[in-house]
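One structure is given here, and the rest of the page talks about it.
Basis for what follows: all heavy atoms, side chains included, without hydrogens, waters or symmetry-related copies.
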Amino acid sequence: MGKSVSVSVSVKGSSQTFSGKTAPNVGGRTAKDLGWLGVFPFWTHGLLVPFILLAVWQAAGMSGLVGKEQLPVPSDIVRRFAELGLSGELLRHIGVSFVRAASGFALGALAGLLTGLFTGIGKMIERTLDPSLQMLRTVPLLALIPLFILWFGIGEFSKILMISLAAFFPVYLNTFTGIRGVDSKLYEVTRILRYSRSQQLRKLIIPSALPHILLGLRLAMGVSWLVLVFAELMGTSAGIGYMIEDARTYSNTDIVFVGIILFACVGSLSDLAVRALEKRWLGWRDTFKG
């Protein structure tokens, strides 16, 4: 009789056991599958490239290969970051920019969701409304800035409206695509079961289109922060974009980098929030994860 070998594989557990040996499970993969990357903790994988770039950047600046006026070293940027944070100026700029971006995103995303919903379920609305929206989508947003200034001035309303217009189209297009991607056989089943229109929306159409809708929200979130920079160049006295432009005027390159880092961090946090919703609401999907 040969020796029995116990083999146990956990589907969602943190380890896989083969012949009594345990290999750590990292994001669905063992450390052996990840190669040399398995030496580092899982949460540091996304930080390896930034750390390497920062180290090279710091070394190049300290050795004099790059002038600090054009490219300040990371340590100087961190020092200026701390100074602005302790003075309260940084928090004020972040608060103003966040209100603008959030207001524009909420307005544009809601309008895009409703328009995509009505266009997706109604053929007549699609034929009459969608061509005009597609034509407007191809117009560069920056070309509309002079009109926004002429029509709405340089106040908060014009800035929020510009951000909402940018956030509208990603949500609209993905909502429309998601609704039109619903399985027609499942739709026929709901008709056989005599589902009402509201039941079809709640139990079939919206759940099926939800992956596309959340993708549209992620894209709209990124575009909102992108357009915010241009919006804050239109006669404002506060905001991250204003801080960057003011620093450029006085050649404060370190403050420019502070603003860029702020946009990157806030944008990443916004994206992580939407991805958290995806994991929560789309946990039922069994998709390829690489």
Side-chain angles (χ1 to χ4, degrees), residues 10-15 24-31 33-34 37-38 40-51 85 90-91 93-117 120 160 163-164 166-179 181-182 201-229 240 259-290:
S10 62
V11 178
K12 295 185 179 180
S14 59
S15 65
N25 188 310
V26 181
R29 294 169 176 254
T30 63
D33 295 332
L34 295 174
L37 196 60
F40 301 94
F42 173 72
W43 62 272
T44 63
H45 292 176
L47 301 176
L48 291 177
V49 173
F51 280 154
L90 199 61
L91 187 60
H93 289 306
I94 293 175
V96 172
S97 293
F98 178 79
V99 171
R100 288 171 181 159
S103 301
F105 168 77
L107 181 61
L110 180 61
L113 180 63
L114 294 177
T115 307
L117 182 63
I160 293 175
I163 296 171
S164 65
F168 171 83
F169 288 105
V171 180
Y172 165 72
L173 290 174
N174 281 277
T175 301
F176 176 81
T177 303
I179 292 175
V182 175
L201 286 173
R202 288 185 291 105
K203 297 184 178 181
L204 174 63
I205 296 177
I206 292 180
S208 299
L210 194 57
H212 287 83
I213 294 174
L214 290 176
L215 175 60
L217 291 176
R218 286 185 65 184
L219 296 175
M221 188 79 73
V223 171
S224 297
W225 287 105
L226 179 65
V227 175
L228 176 67
V229 179
I240 303 175
I260 293 173
I261 294 171
L262 279 176
F263 273 123
C265 293
V266 175
S268 297
L269 290 175
S270 303
D271 186 70
L272 287 174
V274 180
R275 293 185 67 178
L277 291 178
E278 287 183 347
K279 290 182 179 181
R280 182 180 180 86
W281 292 347
L282 303 179
W284 49 269
R285 292 192 307 171
D286 186 15
T287 56
F288 175 69
K289 296 178 177 60

[X] and [Y]: which non-hydrogen atoms are nearest, and at how many Å?
X: Ile163; Y: Phe105; answer: CG2-N, 4.0 Å
X: Ala101; Y: Ser224; answer: O-CB, 4.4 Å
X: Ala109; Y: Val171; answer: O-CG1, 3.6 Å
X: Leu215; Y: Glu278; answer: N-OE2, 4.2 Å
X: Ser270; Y: Met221; answer: CB-CG, 3.3 Å
X: Ala167; Y: Gly104; answer: CB-O, 4.4 Å

Classify the ring geometry of Phe263 against Trp225: parallel below 30°, tilted from 30° to 60°, perpendicular beyond 60°.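 The rings of Phe263 and Trp225 stand perpendicular, inter-plane angle above 60°.
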Could you tell me if the side chain of [Y] sits less than 4.5 Å from the side chain of [X], heavy atoms only?
X: Leu219; Y: Leu173; result: no
X: Val223; Y: Phe169; result: no
X: Leu117; Y: Leu201; result: yes

Which distance, rounded to the nearest 0.5 Å, do you find between the [atom1] of [X] and the [atom2] of [Y]?
X: Thr175; Y: Leu214; atom1: OG1; atom2: CG; answer: 9.5 Å
X: Phe98; Y: Ile240; atom1: CZ; atom2: CD1; answer: 11.0 Å
X: Phe176; Y: Leu113; atom1: CZ; atom2: CG; answer: 14.5 Å

Quick one: side chain to side chain donor-acceptor pair (under 3.5 Å) partners of Ser164, sequence neighbours excluded?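 Counting only residues at least two positions away or on another chain, Ser164 forms no side chain to side chain donor-acceptor pair (under 3.5 Å).
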With a 6.0 Å cut-off (strictly less than), is the heavy-atom count around CZ of Arg202, excluding the residue itself, greater than 12?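 More than 12 within 6.0 Å, yes.
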Let me see the working for Leu277 and Leu217 under side-chain contact (heavy atoms from CB on, under 4.5 Å), right down to the final yes or no. CA-CA 11 Å; Leu277 291 178; Leu217 291 176; 5.9 Å; no
